[in-house]
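So the structure is just underneath, and the comments pick up after that.
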Amino acid sequence: MKVKVLFGISVMLLSAQMMTARTKNVVKNDTTTLNKKVPKEWYEKEHQLHDVTVVAHTPIVKMKTDKITYQVRHDVDAKTHTVLEMLRKVPMITVDGKNNISVNGSKQFKVYIDGRPSTMVTRNPTQILRNMPANSIESIEVTTNPGAQYDAEGAGGILNIITKKNKNLNNKIESINGTVHSTIGTNNYGLDANISGQKNHFSYDVNLMTDYMKYKHNKSESDINQKSFSAHTSQDTKQSMPFHMAEFGIGYQLDSLSSLHMNLSVTNFKLHEYGFPEYFYKGGTYGNGLKFGNNLDTRSNETSYDGSINYQRFFGKNNKESMMFTYQLSHNPVKNDNINSFFNINQTQLVIPESRKSSVREKNTEHNFLADFTIPLNKNTKINTGAKLTLGQNQSNSSDYRIDKGLYKENIDGSVFYKQKQQIMAMYGEYDATIGWLSVKPGLRYEYTLQKTKYLKGAGSNFNIHYGTIVPALSISARISELQNIGVNYNLRIRRPGITELDPYVDRSNPTTLVYGNSHLDAEKTNNLSIVYNLTASNFAMNATLRHSFSNNAIEQYSFNNNGVLNTTYGNIVKRNISALNLYMNWSMTTSTRMMLNAEAGYTDLRSAALNAKNNGWNLNVNYGIQQNMPWDIKLTTNLELMTRKHTLQGYESGMSLLSASISKSFCNDKWNVTVSGTTGLGHGGNIVWTSYNKGNDFNSTNSFTEPVKNISLGISYTFGSKKETNKDDDDWMQIGSKSHSGKHRK
């Protein structure tokens, strides 16, 4: 009998191993293989089998034609990396050398946490995700074609971060899990901790993080050339950027069909930049030359308070219908102070720069009320519908002061104080059906926007704006085989101008330019069309997306010469067409080596009749990475990032090349992790030099900024956790091991 049992186990293990060698036999992209360390002896004197470890090889990427899911929990780097570092591996996402995030080729996108909109992360994605440990994340979803149920704003789509919080509170579970992580590097140090737990029908989670970045040498140069005037600016400043965040969430299962979740968070970001820029003006009223220095002191303080309450209930036949009600509050006060104290002025002409201080106080408050319903019509068809109301108020109080003998005298003509109220009412309907190999999801959303702006101080005049927008969306997907699908997507997205773009306050911090917003901007409308092909196997995943987007009223920052002074502002003045091909591949070449490629080649065409300007050209973004498992359970990861220049209406922004690597080791059954990582630019002494060039009818300007990205850091993290579950039959408590995929098997 023992021989028969052992023979049966051997046959099953051999069959599983043979199935993984045949991709065509994979069902639903799930395969199971035997670990190579199979015991040679099947029968011991105590009649006990050795440990047998079965490893599930689930594809790290799951792809639909309108959504891509990167399963962070299956990536070995998740133990030691941050969420921002993991984003570099996610299809349709680009993270440049400044850690600016682009989704589906756009920097305008929305961030969701566990399917709920997160104003806090949307406002500061780089700062928060750079400090969020990846081992607290289950997966990252990128919705490239948001349906009608999502807000119309955000051209790039939706970035949804799924955490490892307990989602099902019906089970009687008692658990607590958490991670404490610290980092110290040449440019920064930080500490973060996250704890989540559940006791029966109650759950909670706490996230704390603090980070401090410092740069000793921020070098930049600027050149402006006009017909009879030229200006050169050079500076070497110091920067410090502390960041703090605290978040607390609780969930409660009211009964078997309804649940309640509440969340509160506070974030604070500060920036202090100081140094001694030097200026040299020549020509025009400055004659043979004016040279002087500046005692620069810039301080920024931004705090945000965010909260939400979410209620969900299932009802109807077989409890398949659901409704969700959500309330969100966001309050975001911002303080900016800028002091320019000029000295060593080498001439006595009438035109000389004036020392001045600018003080800006902004407050942005927003209330959101959402109602969503899902109504299944049959097994393969459902309807999503709902409504949303947004009540927002923005205010900006900007004051300009002249500095005379250490005293501040307000310049009334340069000061602005205004308040803006914004109301958005929306409703949507979406039909989702699957018929055999074909899936269709058409939807329609209507949004009505009302803005009222009132000036309390300054030269601006009160104005009201109201407009309605119909936002269509369509997704069609065809399943070619169990491993392949292809689809066509279309949507219309809008971008409402932000307070910085609307604010007419004139920034005079740079004596050579005037920078201000345009209070009469309209919402930018962008049409997006894409063709998507996906291939998913047990050890290989590929996504190819060909997309085209166009906008006839794109918001663009532009410059022009006015009486010898360079003015920079915003306007709905551009017709923009962008075509791009994105190719993503993730390949497990061996059991210990994984290769990742995320590349995009695109062509941009920009035209403006108002400025009599046009520009076009190609650009390329490539992110290539290798993961290698070394002896002694050491893991090595390297990434190479390349970006070519990006074309703007009046010029270009330069590209960059960046190399990063990390080596990590786990101890004590993966409870402790130690990582050493490094980053360097390729060229320019290991730094990145960002250059922007603009050319108009009667001027040209060049700005160059050297970013000190060279950094070596040490990260140490500790993970803890325990879990108990009640057996529903006898209510006996039993321990659930942290490694449920292995164990001792006795007869």
Side-chain angles (χ1 to χ4, degrees), residues 72 77-88 95 98-101 111-114 116 118-138 140 159-165 176-197 204-215 239-250 262-272 300-308 330-332 334 662 664 672-675 677 679 711 713-721:
V72 177
D77 284 340
K79 297 178 181 178
T80 55
H81 281 40
T82 66
V83 175
L84 183 66
E85 291 171 323
M86 299 301 295
L87 284 179
R88 300 179 188 272
V95 183
K98 293 181 181 179
N99 288 330
N100 294 319
I101 304 170
V111 180
Y112 282 51
I113 302 293
D114 292 328
R116 293 183 290 270
S118 175
T119 307
M120 174 188 68
V121 185
T122 299
R123 188 186 303 115
N124 298 296
T126 296
Q127 288 294 332
I128 294 177
L129 300 182
R130 187 171 60 85
N131 292 280
M132 183 181 292
N135 65 357
S136 65
I137 301 301
E138 187 84 4
I140 299 173
L159 178 62
N160 186 21
I161 298 173
I162 307 299
T163 67
K164 290 183 178 179
K165 302 172 185 176
I176 182 170
N177 299 278
T179 299
V180 179
H181 176 257
S182 64
T183 303
I184 183 169
T186 54
N187 292 333
N188 73 298
Y189 58 85
L191 177 68
D192 56 80
N194 65 87
I195 302 173
S196 62
Y204 62 90
D205 55 271
V206 180
N207 296 294
L208 304 171
M209 63 178 66
T210 181
D211 181 68
Y212 183 85
M213 294 190 67
K214 62 182 186 302
Y215 295 107
Q239 273 188 356
S240 61
M241 293 178 288
F243 176 80
H244 311 283
M245 189 200 81
E247 181 184 30
F248 177 69
I250 58 174
M262 292 181 288
N263 188 80
L264 293 172
S265 63
V266 179
T267 62
N268 177 258
F269 172 72
K270 295 180 180 180
L271 168 65
H272 184 203
S300 178
N301 189 339
E302 178 178 347
T303 305
S304 64
Y305 307 89
D306 297 272
S308 66
S330 176
H331 180 61
N332 179 224
V334 180
S662 66
S664 61
W672 288 92
N673 284 277
V674 178
T675 302
S677 58
T679 302
N711 186 41
S713 63
L714 170 67
I716 301 175
S717 65
Y718 173 69
T719 302
F720 60 91

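By convention here, the first residue in the shown sequence is residue 1. These numbers come from the heavy atoms of this one structure, side chains and all, not from hydrogens, waters or symmetry mates.
Formation of a donor-acceptor pair under 3.5 Å by the Thr183 side chain with backbone atoms of Gly715 is not found in this model. In this structure, Asn711 contributes its side chain and Asn187 its backbone to a donor-acceptor pair below 3.5 Å.
For OH of Tyr718, the number of neighbouring non-hydrogen atoms (other residues, nucleotides, ligands) closer than 6.0 Å is greater than 12. Under a cut-off of 6.0 angstrom, the local environment of NZ in Lys270 is sparse, with at most 12 non-hydrogen atoms contributed by other residues, nucleotides or ligands.
Note: Asp306 CG to Ser265 OG = 4.5 Å, rounded to the nearest 0.5 Å. Separating the CD atom in Gln239 from the NE2 atom in His272 is a distance of 10.5 Å, to the nearest 0.5 Å. With values rounded to the nearest 0.5 angstrom, Met86 atom CE is found 10.0 Å from Ile137 atom CD1. Distance check, rounded to the nearest 0.5 Å: CD1 of Ile101 to CG of Leu159 gives 7.0 Å. Distance CD1/Ile250 to CG/Leu264: 8.0 Å, rounded to 0.5 Å. The CG atom of Leu129 sits 8.0 Å away from the OG1 atom of Thr82 when rounded to the nearest 0.5 Å.
When all heavy atoms of Asn332 and Ser304 are compared, the pair lying nearest together is ND2-CB, 3.7 Å. Residues Val121 and Ile128 approach most closely at CA-CD1, 3.9 Å, considering heavy atoms. When all heavy atoms of Val180 and Ala193 are compared, the closest pair comes out as CG2-CB, 4.1 Å. Closest heavy-atom contact between Lys214 and Thr186: NZ-O, 3.8 Å. Nearest heavy-atom pair across Ala246 and Leu208 is CB-CD2, 3.7 Å. Residues Met241 and Leu271 come closest through the heavy atom pair CG-CD1, 3.5 Å.
Partners of Asn268 under the side chain to side chain donor-acceptor pair (under 3.5 Å) rule, at least two apart in sequence or in another chain, are Asn301, Thr303. Partners of Thr179 under the side chain to side chain contact (heavy atoms under 4.5 Å, CB included) rule, at least two apart in sequence or in another chain, are Asn135, Asn194, Ser717, Thr719.
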Using the rule given for side chain to side chain contact (heavy atoms under 4.5 Å, CB included), can you reason through Val72 versus Ile161, listing the C-alpha separation, both sets of side-chain angles and the distance that settles it, and then say yes or no?
CA-CA 10 Å; Val72 177; Ile161 298 173; over 6 Å; no
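With a 4.5 Å cut-off on side-chain heavy atoms, Phe248 and Val266 do not count as touching.
Side chains of Asp114 and Thr163: a donor on one and an acceptor on the other come within 3.5 Å. The closest side-chain donor-acceptor pair between Asn177 and Ser196, if any, does not fall under 3.5 angstrom.
A tilted orientation is assigned to the rings of Phe269 and Phe243, their planes being inclined by 30° to 60°.
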